[in-house]
Amino acid sequence: MERIDDLQCKGYRIIQDSEAFCYGTDAVLLANFAKQGVKRGRVFDLCTGNGIVPLLLAAKTEAESIYGIEIQREAVELAKRSVALNEEARIHILEGDLCKIQEQRTVEGKSLASSFTVVTANPPYMQGDLQNPLEKKNIARHEVSCSFTDVSEAARYLLAPKGKFYLVHRPKRMAEIISILREKGLEPKRLQMVHSFVEGEAKLFLLEAVRGASVELRILPPLILYREKGVYTKELMEIYGVGASEAHGGNASEKADSKSVIRRITPNHSSRQ
């Protein structure tokens with residue numbers, strides 16, 4: 001079933017299919033992490049899904065242009081309709097396989113090679129035989145259409161020298177991912193772990209890698225999502241653009257209001273679950 005969700009940022013909205021293509025907290029965190037690197041540059045989003053990252057970056061930055069590529073036609077159509085809904089001329093959604101990124105062209109018919117200052121990716125997290133029976137979700141969550149090596153090769157192809165690659169992924173694959181990035185000439189520069197609770201293990205990580213950079217990795221303070229069960233942290237509420245009065249969660253009614261705000265703007269904790 002389709003619905004239109006408010007992104008709580010400058011009036012931007014997104015069309016979603018509740019049975020297949022819904023974004024999660026991971027996409028929102030990725031867009032927030034990447035926005036400082038965008039400035040007025042050109043952005044390319046790999047594995048764009050329903051276009052959530054391009055929409056959020058359009059709302060939060062002054063990017064010159066933002067491209068997204070997605071292999072699933074239904075998701076591409078949703079993304080294009082969301083772009084039209086927001087009358088956002090800077091966003092261009094491409095239907096295609098990122099493994100064949102060299103065959104894609106800009107709207108002006110030019111090559112995409114080395115022409116973007118920022119590339120983002122919320123790629124499939126999962127490997128192995130245990131897969132989702134729904135094909136649409138299976139492609140989004142499992143490495144059936146592309147591997148992380150494919151994603152990193154596409155990012156390397158798209159980025160200008162010293163361009164920045166931002167990604168979100170799961171900690172259990174961090175060693176592998178850093179190894180692949182360095183093999184492709186993308187040097188990890190900033191890393192932030194994401195925890196559901198301050199005392200728990202990390203559930204996600206956010207990483208910035210730079211094409212052709214020197215070796216130096218900064219570990220940022222961790223991002224905690226929950227103060228306690230059912231109560232979101234001030235940091236997460238600020239990422240969603242929720243005011244301080246809604247974020248501090250003083251009494252039970254305020255806590256309930258904070259939770260309803262998050263439910264309204266992010267259907268899933270992670271779109272890759």
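For this chain, numbers begin at 1 and follow the sequence in order.
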* **Closest non-hydrogen atom pair between Ala58 and Tyr12, with its separation** => O-OH, 3.8 Å
* Between Thr120 and Thr48, is any pair of side-chain heavy atoms under 4.5 Å apart? -> no
* Asked: Is a side-chain donor or acceptor of Lys162 paired with a backbone partner of Gly212 at a separation under 3.5 angstrom?
  -> yes
* So if you build clusters from Ile, Leu, Val, Met, Phe, Trp, Tyr with side-chain heavy-atom gaps below 4.5 Å, do Val231 and Ile224 land together? -> no
* To do: Identify, with sequence neighbours excluded, every residue that meets ring pair (Phe, Tyr, Trp, His ring centres under 6.0 Å) alongside Phe33.
  => Tyr166
* Structure fact -> On a heavy-atom basis, the closest approach of Arg156 and Lys184 is CD-O, 3.2 Å
* Asked: Does any non-hydrogen side-chain atom of Tyr232 lie less than 4.5 Å from one of Met237?
  -> yes
* To do: Measure the NZ-CG distance between Lys203 and Leu223 for me, rounded to the nearest 0.5 Å.
  => 14.5 Å
* Under a single-linkage definition using a 4.5 Å side-chain heavy-atom cutoff for Ile, Leu, Val, Met, Phe, Trp and Tyr, are Ile219 and Ile178 assigned to the same hydrophobic cluster? -> yes
* Name all residues meeting the salt bridge (charged side-chain N to carboxylate O under 4.0 Å, His left out) criterion together with Glu77; count only those two or more places apart in sequence or in a different chain, and write none if there are none. => none
* Could you go through the side chain to side chain contact (heavy atoms under 4.5 Å, CB included) check for His169 and Met174 one step at a time? => CA-CA 8 Å; His169 219 292; Met174 184 187 296; over 6 Å; no
* Check the hydrophobic clustering (I, L, V, M, F, W, Y; side-chain heavy atoms under 4.5 Å; chains of links allowed) and say if Val210 and Leu158 are grouped together. => no
* Answer whether the closest heavy-atom distance between the side chains of Ile15 and Asn50 falls below 4.5 Å. => no
* Asked: Got a salt bridge between Glu187 and Arg182, using NZ or NE/NH1/NH2 to carboxylate O under 4.0 Å?
  -> yes
* Can Arg211 and Ser114 be said to form a side chain to side chain contact (heavy atoms under 4.5 Å, CB included), step by step? -> CA-CA 10 Å; Arg211 178 185 167 185; Ser114 303; 3.2 Å; yes
* **Working for side chain to side chain contact (heavy atoms under 4.5 Å, CB included), residues Ile69 and Ile101** => CA-CA 9 Å; Ile69 190 169; Ile101 195 70; 3.9 Å; yes
* Taking all non-hydrogen atoms of both residues into account, name the closest pair between Gly49 and Glu70 and its distance. => N-OE1, 2.8 Å
* **Lys35 side chain reached by Leu57 side chain, heavy atoms, under 4.5 Å** => yes
* Asked: Do the side chain of Thr233 and the main chain of Arg227 share a donor and acceptor less than 3.5 angstrom apart?
  -> no
* From Arg190, Lys189, Arg218, residue fulfilling salt bridge (charged side-chain N to carboxylate O under 4.0 Å, His left out) relative to Glu208 -> Arg190
* When rounded to the nearest 0.5 angstrom, what is the spacing between CG in Leu112 and CG in Leu159? -> 11.5 Å
* Identify the two heavy atoms, one from Leu204 and one from Arg170, that lie closest to each other, and give their separation to 0.1 Å. => CD2-CG, 4.4 Å
* To do: Using a 4.5 Å cut-off on heavy atoms from C-beta on, say whether the side chain of Phe205 contacts that of Leu167.
  => yes
* Structure fact -> Between the CD1 atom in Ile93 and the CG atom in Asp45, the distance rounded to the nearest 0.5 Å is 7.5 Å
* Taking atom CD1 of Ile71 and atom SG of Cys47, what is their separation to the nearest 0.5 Å? -> 9.5 Å
* Say you draw a straight line from CG of Leu56 to CG of Leu7; how long is it, rounded to the nearest 0.5 Å? -> 5.5 Å
* To do: Might you work through the side chain to side chain contact (heavy atoms under 4.5 Å, CB included) test for Gln16 and Arg3, ending with a clear yes or no?
  => CA-CA 5 Å; Gln16 304 211 88; Arg3 66 173 187 264; 3.7 Å; yes
* Structure fact -> From the list Leu220, Leu217, Leu206, side-chain contact (heavy atoms from CB on, under 4.5 Å) with Leu191 holds only for Leu217
* Shortest non-hydrogen contact between Asn86 and Ser82, atoms and distance -> ND2-O, 2.7 Å
* Asked: To the nearest 0.5 Å, what is the distance between CZ (Phe44) and OH (Tyr67)?
  -> 8.5 Å
* Asked: Looking only at heavy atoms, what is the nearest atom pair of Ala27 and Ile52, with distance?
  -> CB-CG2, 3.7 Å
* Asked: How about Leu207 and Leu181: do any of their side-chain heavy atoms sit closer than 4.5 Å?
  -> yes
